[in-house]
Amino acid sequence: MSFYNFEEEYYEKGYKNICGIDEVGRGCLFGDVVSCAVIMPRGKYIEGVNDSKKLSPKKREALYLKILESAIAVGIGRANADIIDKVNIRMATHISMINALENLRDSENNKIEADCVLIDAETIETGIFQKAIVKGDESCYSIACASIVAKVYRDNLCKKWAEEYPQYGLEKHKGYATKYHREALKAYGPSDMHRKTFLKNIKSW
């Protein structure tokens, strides 16, 4: 896949630590929304990186490891179902993105400060220069890398949550409103990790 080189555009403007941010789990009925912030090395690109939604699980997992190995810094941010229900999903997504930015660490766990943030179609509350890029996970390399890390990280959380809440089949649908998930909700009712504000919109459960 070919990306427009947003990163190089901002390197040429004098920025040094250019960070891509993306989230996953925004539309789920269960669990956290998860964001990743990632600073990738200038001019070095991992072959096969793409919007995480367009990759097979096996390909995503292989790229996830390559991204973590190559990245200058990675940060993960999360907002749980309680936060989502209190402030709404958009604001909870912003909280997770800000947390991811604040959690940027290098391979030796040193805190790294971004000076330019490229975000998939969002603007967050930060004093750091930022650029919202529509369909950024399809057009911007660092955002695509962030989308892959966020997706694999959250999928791994879903596997752990499935052990705690086996009745919902979370390892299959990752918390989205599939028929299986809605039928499980009908049979067992919601757990403490379901987003209650989202369930109001699911009439069939």
Side-chain angles (χ1 to χ4, degrees), residues 3-26 31-52 55 59-80 83-84 87 91-133 136-137 139-161:
F3 295 97
Y4 175 78
N5 203 335
F6 289 98
E7 292 85 2
E8 193 59 36
E9 180 182 328
Y10 289 104
Y11 280 126
E12 290 176 2
K13 292 179 179 179
Y15 295 100
K16 291 181 171 60
N17 286 338
I18 298 170
C19 175
I21 300 180
D22 200 11
E23 56 71 33
V24 69
R26 192 165 180 158
D32 303 9
V33 60
V34 174
S35 293
C36 174
V38 64
I39 301 172
M40 300 302 291
R42 184 177 184 177
K44 296 179 182 178
Y45 303 101
I46 299 168
E47 189 176 346
V49 165
N50 200 339
D51 171 10
S52 65
L55 299 168
K59 184 68 173 173
R60 273 198 304 264
E61 287 164 15
L63 288 167
Y64 170 83
L65 295 174
K66 289 181 180 178
I67 293 164
L68 294 185
E69 187 178 329
S70 176
I72 291 168
V74 178
I76 296 291
R78 296 164 58 176
N80 65 24
I83 293 170
I84 292 165
V87 302
M91 291 308 300
T93 298
H94 288 193
I95 289 167
S96 73
M97 288 179 166
I98 292 164
N99 288 344
L101 193 55
E102 291 172 348
N103 288 336
L104 275 169
R105 299 288 188 278
D106 66 14
S107 59
E108 296 179 349
N109 204 36
N110 297 307
K111 185 173 174 61
I112 303 295
E113 300 280 353
D115 58 3
C116 174
V117 181
L118 308 177
I119 309 178
D120 186 27
E122 289 288 349
T123 302
I124 60 173
E125 299 71 26
T126 177
I128 302 167
F129 172 81
Q130 61 185 304
K131 171 74 174 176
I133 300 172
D137 49 7
S139 60
C140 175
Y141 176 73
S142 60
I143 294 177
C145 287
S147 80
I148 291 168
V149 175
K151 174 62 174 165
V152 175
Y153 188 95
R154 191 179 187 280
D155 283 357
N156 289 337
L157 284 177
C158 286
K159 291 172 189 174
K160 292 179 183 176
W161 292 332

Determine all donor-acceptor pairs shorter than 3.5 Å in which one atom belongs to a side chain in residues 59-70; sequence neighbours excluded.
{"unit_1": "R60", "atom_1": "NH1", "unit_2": "S52", "atom_2": "O", "d": "3.0"}
{"unit_1": "R60", "atom_1": "NH1", "unit_2": "L55", "atom_2": "O", "d": "2.8"}

key: Within-4.5 Å side-chain heavy-atom neighbours: W161 and R154   = yes
key: Electrostatic pair E122-R26, nearest N-O below 4.0 angstrom   = yes
message = If only side-chain N and O atoms count, and only distance matters, is there a donor-acceptor pair under 3.5 Å linking N99 with N103?
response = no
remark   = The reported gap from CG in D137 to SG in C145 (rounded to nearest 0.5 angstrom) is 11.5 Å
Beyond-backbone contact of E7 with C140, side-chain heavy atoms, under 4.5 angstrom = yes
S139 vs I133 side-chain heavy atoms within contact, under 4.5 Å = yes
ask   = Counting only N and O atoms by type, is there a donor-acceptor contact under 3.5 Å from the side chain of Y141 to the main-chain atoms of I46?
value = yes
ask   = Should R42 and E8 count as an ion pair when the cut-off is N to O under 4.0 Å?
value = yes
query = Does the side chain of L101 come within less than 4.5 Å of I124's, by heavy atoms?
reply = yes
query = Could D155 and K159 be called an ion pair, given the rule that one side-chain N must be under 4.0 Å from one carboxylate O?
reply = no
task = Decide yes or no on side chain to side chain contact (heavy atoms under 4.5 Å, CB included) for N5 and Y45, but give the supporting numbers first.
result = CA-CA 11 Å; N5 203 335; Y45 303 101; 3.1 Å; yes
inquiry  = Are more than 12 heavy atoms, taken from residues, nucleotides or ligands other than K111, located less than 6.0 Å from that residue's NZ atom?
reply    = yes
ask   = Should I76 and V149 count as side-chain neighbours, where that means a heavy-atom distance under 4.5 Å?
value = yes
inquiry  = So which atom in I39 and which in C19 form the shortest heavy-atom distance, rounded to 0.1 Å?
reply    = CG1-CB, 3.8 Å
Full working for side chain to side chain contact (heavy atoms under 4.5 Å, CB included) between I21 and Q130 = CA-CA 10 Å; I21 300 180; Q130 61 185 304; over 6 Å; no
key: Over 12 foreign heavy atoms within 6.0 Å of NZ, K44   = no
query = Between F129 and Y10, what is the ring plane arrangement, given parallel below 30°, perpendicular above 60°, and tilted in between?
reply = tilted
request  = Taking all non-hydrogen atoms of both residues into account, name the closest pair between A71 and P41 and its distance.
outcome  = CA-CD, 4.4 Å
ask   = What is the minimum heavy-atom distance between S147 and A144, and which atoms define it?
value = OG-O, 2.7 Å
Considering all heavy atoms, the nearest V74-C36 contact = CG1-SG, 4.1 Å
query = Side chains of T93 and E23: is there a donor and an acceptor less than 3.5 Å apart?
reply = no
ask   = Is there a donor-acceptor pair closer than 3.5 Å between any side-chain N or O of D22 and the backbone N or O of D120?
value = no
ask   = Do you know which two heavy atoms are closest between M40 and I72, and how far apart they sit?
value = O-CD1, 3.8 Å
task = Would you mind reporting whether F3 and V49 have side-chain heavy atoms less than 4.5 Å apart?
result = yes
inquiry  = Less than 4.5 Å apart, side chain to side chain, heavy atoms only: is that true for S96 and D32?
reply    = no
Shortest non-hydrogen separation from I18 to D115 and the atoms involved = N-OD1, 4.1 Å
